[in-house]
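Computation of the quantities below employed the complete heavy-atom set of this structure, encompassing side-chain atoms and omitting hydrogens, waters and symmetry-equivalent molecules. Remember, it's 1-based here, ligands and their atoms both numbered in the order they're listed.
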Amino acid sequence: MLDTNFAIQRKPSIVILDFGSQYSELIARRIRETEVYSIVQAYTITADELRELAPKGIILSGGPSSVYEKTAPMPDPAIWDLGIPILGVCYGMQVMVKQLGGNVEAAIGKAEYGKAHLEVDDPTALLTNVDSGSTMWMSHGDSVKQLPEGFVRLAHTSNTPDAAIALHSHRFYGVQFHPEVVHSTFGMVMIRNFVYTICSCQPDWTTNTFIDEAIKDVNSKVGNKRVLLALSGGVDSSTLAFLLKKAIGNQLTCMFIDQGFMRKGEPEFLMDFFDKKFHINVEYINARDRFVNKLKGVTDPEIKRKIIGTEFIRVFEEESVRLGPFDYLAQGTLYPDVIESAGTNIDPKTGERVAVKIKSHHNVGGLPKDLQFKLVEPLRTLFKDEVRKVGRSLGLPEEIVGRHPFPGPGLAIRILGEVTNEKLNCLRDADLIVRQEIARADLYHEVWQAFAVLLPVRSVGVMGDQRTYAWPIVLRCVSSEDGMTADWSRLPYSLLEKISNRIVNEVAGVNRVVLDITSKPPGTIEWE
Ligand code: XMP
C-alpha cells in the first residue's frame, strides 16, 4: 500500500481520507506542523489497507457532496471497526453521522459560510483548552438532524446545534467547521488535542529525522551507482542536489541546461554557487543558440512552450548519453504531485473519482517516463514548505530557498510574440531593475512574484529632444498564497516611480512602463 516508488518508507501516524475538499492537503500540512507524519489517501482505501498502514488516527476530510445523495462518496464501513480514533471534518463528520445511523439534511435557511462563534458544551478531549466563543470557519449547506446512538454534543453555534460531536467510548469525533484554516482561532489546539491526546502520536516528523531517513534510503537504493539530476536553480532541484551530495557525494552529476531564458546573472550565480562553492558536480550546458533559433518566428504561447519543452528533453537526452551512463535519474517530485497523480479528486455531481486535469504548466524539467533511468525521488513525501525547511537545514542560503517562483520556460514566456536575443537582453535589464528596487524597498518577501514583461508593440515617447518609438515594459507584481489565485500588489508610488524612471533611463529599447492591475482570476500571473 505504501508508495512503491522510491521514497521514505515511513508509516504515517495519521491518514486523511480525501472526499474532494480543497482543504485535504491543508489538513495534512497542519498535522505535519505538529511534527506528526500524515498522508492523504483517496476515500476508497479499504479498511484492510488502512490496517496495513496502521495509523494512530484517521481523519475524514470535507468534500463538495451531500451525504444523502445517491452518489455521495462513502468510505469502507469497516473503518468503524478498526479500533482507531477517527475525526470527521465537515462532510467527513456528516459521513460519520450517516454511516453510524444518524441523519443529515439540508440546512434550509441555516447554512453557514464564513466565521462563526463556537459555544463549547463539553470542554474535554477534542475541545480541551478551546475557548468558548472563539471563531471557527464554517462552510456547509447541510446539518446533522439526528445524532447516531451514543454520540454527544461537544459544541454548537447560533446556526448549528451540533457543531462538534463525539462518541467518547470509540474515540470518534466530528466537527462541522474547518479547524485547519487560519481563521479558526483554536483550530491548531484542536488538531493537537486529536493527534497527541486522542491518538497518542509522537512528534517524530522533523527536518532532521527526514534528512537522516532520506539519506539512508538513497544509500540503500543507489549503492555505488551514478545519479543524474537536472538542476534548474529552483528550490526543489537545489535542495535535492544538496541532499544527494550529502548522501552519495561524487556519484551525483547535475546537469544545468542554460536555455538562454534565465534572469540576468543567474547562470553565473548558479555555477559559482553549486560547482565552485559547494563542490557539487555541475555540467553547464550552453544551449542558448539552440533554443532561440527554434523559436524564430514563433508567436503562439502554447507552441512556444511546447517547443521549449521538447527541445529541453532533446538536449537532456543527448547530454546524458555524452556524460553517462547513469543508472538513476533524480527528480524533485513533491507530495502534492503525488496526491494529484493518485487522482483523488471527486466529481461533486457523480461522486466519482475523476482523473485530475493535466496541469497547464509543465516544468520544462519534467521529463518523459520512457527515459531509460530508474527514478530517485526523495522529496516525494514533502510539501513545499517542508522542502524549504530541509533546504535551509542542509545549508542552502535564503537567496535560493526564499526565492520567488520562476517558470520553467523562463523569460521566453515574458516576451510576447517572437523571442529574439535583442528582446531577451532588454527584458533581462528591466527585470534586474525590478528585482533590485523591490529588494531595496524590503518587499521581496512580502510579494509572491515581481517581474517585468516585454510587449511587442511600440509607442511614441520623447527623450531629450529626440522622439522615440520603442517597446513598453509591463510591471507585474502580485501577492498570493499558492499561485492559484493572486492579487496585484499595491506598491508605494515612490517605488513605482523609481522603477519606471530607472527602466526608461537605463534600458535601451524601452520608453514606457505600465502597471498590470489584474487579479487572478481572471488574469493569470504570467502573460503567456
Ligand atoms: P499562471 O501564469 O498560470 O502561473 O497564473 C501560476 C504560477 O505558475 C508559474 N508558472 C510556471 N511554473 N513552469 C513552472 O515551473 C511553467 O511552465 C510555469 N508557467 C507558470 C508562474 O510563475 C506562477 O507562479
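- Counted within 6.0 Å of NZ on Lys384, heavy atoms from surrounding residues, nucleotides or ligands total more than 12; the atom is thus considered enclosed.
- For ligand 1, one of its N or O atoms has an N or O atom of Arg305 under 3.5 Å away.
- Using modelled atom types and a 3.5 Å distance limit, the side chains of Gln436 and Arg502 yield a donor-acceptor pair.
- Residues satisfying the side-chain contact (heavy atoms from CB on, under 4.5 Å) test with Arg403, not counting sequence neighbours, are Val235, Glu266, Phe269, Ile400, Tyr444.
- Side-chain N/O atoms of Trp527 and Asp516 include a donor and acceptor closer than 3.5 Å.
- At least one heavy atom of Trp448 sits less than 4.0 Å from an atom of ligand 1.
- Atoms of ligand 1 found under 4.0 Å from any heavy atom of Lys520, numbered from 1 in the order shown, are 1 (P), 3 (O), 5 (O), 6 (C).
- Ser232 and Ser237 are linked by a side-chain donor-acceptor pair at a separation below 3.5 angstrom, with hydrogens and angles left out of the test.
- Counting the atoms of ligand 1 from 1 in the order shown, those under 4.0 Å from a heavy atom of Gly483 are 6 (C).
- The Gly408 neighbourhood of ligand 1 comprises atoms 13 (N), 14 (C), 15 (O), 16 (C), with distances under 4.0 Å to a heavy atom of that residue.
- The shortest side-chain heavy-atom distance between Phe451 and Arg414 falls under the 4.5 Å cut-off.
- Residue Pro409 has at least one heavy-atom neighbour below 4.0 Å for each of these atoms of ligand 1: 16 (C), 17 (O).
- Among the atoms of Pro407, none of the N or O lies under 3.5 angstrom from an N or O of ligand 1.
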